[in-house]
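All ligand and atom numbering here is 1-based and tracks the order in the structure.
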Amino acid sequence: MLPNDETLFDKVVNLSKRRGFVFQSAEIYGGFRSTYDYGPLGVLLLRNVKEQWWRSMVQLRHDVVGLDASILSPPAVWQASGHLANFSDPMVDCRECGARHRQDKLDDPNACPSCGKSGSLTEAREFNLMFKTHAGPMVESAAEVYLRPETAQGMFVNFANVLNTSRKKPPFGIAQIGKSFRNEITPGNFVFRTREFEQMEMEFFVPPEDSDEWYHYWCGARMDWYLDLGMPEDRLRLREHDADELSHYSTGTSDVEFAFPWGWDELEGIANRTDFDLKRHAESSGTKLEYHDPASGERYVPHVIEPAAGATRTAMAFLMAAYDEEEVNDDVRTVLRLDHRLAPYKVAVLPLSKKPELIEPSNEVLGLLQPHWMCDYDQTQAIGRRYRRQDEIGTPYCVTIDFDTLEDRAVTVRDRDSMTQERVPIDGLVDHMAGRLPA
Ligand code: ATP
């Protein structure tokens with residue numbers, strides 16, 4: 001049984017705090033609004049989401065390489081990319097209650113969503129979303145730098161470096177995972193929209209005449225990634241932008257959207273960015289950013305297909321998709337049905353009691369499993385409650401060491417989803433789990 005959508009949001013936020021997925025940042029000082037810290041479980045989930053993205057976008061391909069570019073960058077980069085002039089949202093203030101809103105996200109552009117007052121909103125003003133700071137000890141305009149609002153520009157400014165060092169030629173891509181910063185006017189919906197977040201972006205450089213074909217290819221490939229990791233088909237959709245939504249340089253953009261409790265919203269944008277970025281950086285920097293085919297002698301500026309996803313936002317969507325409650329023996333069991341690859345812990349090792357004679361074999365079992373998978377270890381409380389704790393954080397398997405273990409050197413392996421249990425010899429445990437868990 002899935003909770004209805006109104007309660008799902010609160011339940012997931014509550015579980016995230018209670019079990020250590022996500023904490024409010026600087027909580028002991030009253031909390032720093034719209035920034036979050038990923039706790040012991042959240043950091044594992046987030047790492048797994050990023051790892052799965054990297055695996056599919058870089059490791060399993062011969063035509064994509066990785067990059068880790070700097071977060072701080074000089075104004076010249078953002079001047080060329082257009083962010084200094086255009087990376088802004090229309091902001092309105094309510095004259096009645098003082099609340100500040102993003103005009104393009106209002107259901108009713110004439111009424112304040114905070115106090116409901118009609119006609120109280122100011123004219124919209126463009127607000128640039130980039131965070132500015134100063135490099136070095138002098139607070140002067142010559143020292144101004146920006147925290148990147150997207151990872152993508154790192155790939156464009158390194159295009160020639162990568163081309164010259166990696167022996168790749170179009171079609172090829174550069175992928176990057178990292179933090180981005182946007183001074184959002186209205187952050188909210190938990191980690192959905194924050195001022196500091198992580199992105200997973202890839203710029204795929206192609207011959208101009210092939211760009212439409214590659215755009216459609218990446219739309220399909222990216223949808224498949226979410227579905228393969230267990231997103232239910234009916235909660236995921238690809239929405240093509242209308243012509244009036246498209247950036248002036250884009251010939252096609254589609255969003256991967258997830259059915260959040262508040263409605264369909266974006267997880268990822270896939271855009272055909274044409275040759276806009278490379279041309280802008282070539283003009284501004286005076287560096288040639290093009291491909292020269294030595295065989296044909298042909299020279300051209302590649303077009304770019306960009307799948308740009310949010311890691312933190314996607315991790316939250318996976319949590320929401322995985323959250324389930326079911327009735328078991330007149331009780332409600334909460335279970336995160338996360339794909340095994342995403343689950344923070346793959347196995348929990350649980351001695352039936354704290355008796356010293358069970359701790360020794362439990363440590364042995366833990367030592368066998370830990371080199372292969374992220375394991376939890378818990379020896380407190382009744383075993384039934386410990387199973388429920390593991391269900392609630394999505395651990396696919398619990399391994400219990402009991403007094404029979406001392407006789408038969410076997411343990412009980414319990415499956416999170418079916419709750420079935422089977423007896424497995426310690427000596428064959430790693431092989432047994434290897435048949436069920438990702439390497
Ligand atoms: P939105 O319309 O939601 O503001 P966007 O279209 O500006 O997003 P992009 O610039 O395409 O977003 O960024 C790519 C991805 O980065 C988004 O699909 C989203 O998953 C993630 N992202 C963007 N802004 C934020 C944010 N403030 N907090 C968390 N994730 C974000």
Side-chain angles (χ1 to χ4, degrees), residues 16 22 25 32-38 42 46 49-50 53 57 71 78 81-83 86-91 101-106 126-131 147-156 175-203 215 218-219 222-223 225-226 231 236-242 244-247 249-250 252-260 262-273 276-277 304-321:
S16 297
V22 179
S25 171
F32 180 41
R33 191 168 164 250
S34 133
T35 51
Y36 292 91
D37 298 342
Y38 288 77
L46 194 53
V49 168
K50 291 185 285 185
W53 185 89
M57 300 298 271
I71 286 173
W78 307 108
S81 69
H83 282 77
N86 301 321
F87 194 61
S88 57
D89 283 334
M91 178 172 74
H101 301 286
R102 207 173 126 179
Q103 190 197 39
D104 59 327
K105 296 279 175 184
L106 296 178
E126 286 299 318
F127 174 74
N128 194 293
L129 300 180
M130 282 199 295
F131 279 99
L147 270 62
R148 66 182 178 196
E150 60 174 36
T151 61
Q153 298 305 319
M155 277 79 102
F156 298 128
Q176 176 169 208
I177 298 176
K179 287 236 168 164
S180 294
F181 302 82
R182 295 182 189 180
N183 200 1
E184 298 279 2
I185 298 167
T186 44
N189 284 337
F190 197 41
V191 298
F192 178 81
R193 185 180 304 286
T194 50
R195 295 202 170 110
E196 175 178 344
F197 55 96
E198 272 190 280
Q199 291 189 305
M200 310 182 288
E201 298 193 294
M202 198 269 285
E203 308 305 320
Y215 165 66
W218 280 112
C219 285
R222 293 306 304 145
M223 282 292 282
W225 182 80
Y226 294 92
M231 275 289 177
L236 200 69
R237 73 176 188 191
L238 189 70
R239 187 186 66 82
E240 181 130 38
H241 284 207
D242 294 334
D244 61 352
E245 268 183 281
L246 287 178
S247 315
Y249 49 79
S250 177
T253 299
S254 294
D255 288 346
V256 177
E257 295 186 335
F258 176 72
F260 283 99
W262 57 87
W264 290 100
D265 223 330
E266 176 182 334
L267 292 179
E268 167 164 358
I270 300 138
N272 183 341
R273 300 180 62 97
F276 174 77
D277 307 274
V304 171
I305 312 302
E306 174 193 78
T312 37
R313 196 180 275 191
T314 298
M316 176 186 176
F318 276 121
L319 270 184
M320 294 204 159

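When ring centroids are compared, F258 and Y226 stay outside the 6.0 Å threshold.
Counting heavy atoms only, E266 comes closest to atom 11 (O) of ligand 1 of the residues E266, K105, H241. Between the choices F197, F258, F181, the shortest heavy-atom distance to atom 30 (N) of ligand 1 belongs to F197. When E268, Q199, E150, M200 are ranked by how near their heavy atoms come to atom 13 (O) of ligand 1, first place goes to Q199.
A donor-acceptor pair shorter than 3.5 Å cannot be found between the side chains of E150 and S180. Using a 3.5 Å distance cut-off with no hydrogens or angles, the side chains of T35 and E196 do not pair a donor with an acceptor. Side-chain atoms of S254 and Y215 form a donor-acceptor pair, as typed in the model, at a separation below 3.5 Å.
For atom 19 (C) of ligand 1, the closest non-hydrogen atom on the protein side is R313 NH1, 3.5 Å. The shortest contact between atom 1 (P) of ligand 1 and any protein heavy atom is with R193 NH1, 3.5 Å. Looking at atom 29 (C) of ligand 1, its nearest protein heavy atom turns out to be F192 O, 3.1 Å.
Taking every non-hydrogen atom of A308 and a distance limit under 4.0 Å, the qualifying atoms of ligand 1 come out as 14 (C), 15 (C), 18 (O). Close approach of ligand 1 to E184 is summarised as follows: ligand atoms under 4.0 Å from at least one heavy atom of the residue are 24 (N), 26 (C), 27 (N). Listed by atom number, the atoms of ligand 1 under 4.0 Å from R182 heavy atoms are 5 (P), 7 (O), 9 (P), 10 (O), 12 (O), 13 (O), 23 (C), 24 (N).
The residue from M202, R222, E306, E240 that alone fulfils the side chain to side chain contact (heavy atoms under 4.5 Å, CB included) condition with I270 is R222.
One distance of note links CZ of F87 with CG of N128; it measures 8.0 Å at 0.5 Å rounding. Within the model, atoms CG of N86 and CD of E126 stand 9.0 Å from one another, a figure rounded to the nearest 0.5 Å.
By the 4.0 Å heavy-atom criterion, R102 is counted among the residues contacting ligand 1.
Panel note: side chain E203, backbone M155; no donor-acceptor pair is recorded below 3.5 Å. At least one donor-acceptor pair closer than 3.5 Å links the side chain of E201 to the backbone N or O of T151.
The shortest N or O to N or O distance between G310 and ligand 1 is under 3.5 Å. The shortest N or O to N or O distance between T194 and ligand 1 is under 3.5 Å.
Using a 4.0 Å cut-off between heavy atoms, L267 contacts ligand 1 through its backbone alone, with no side-chain atom that close.
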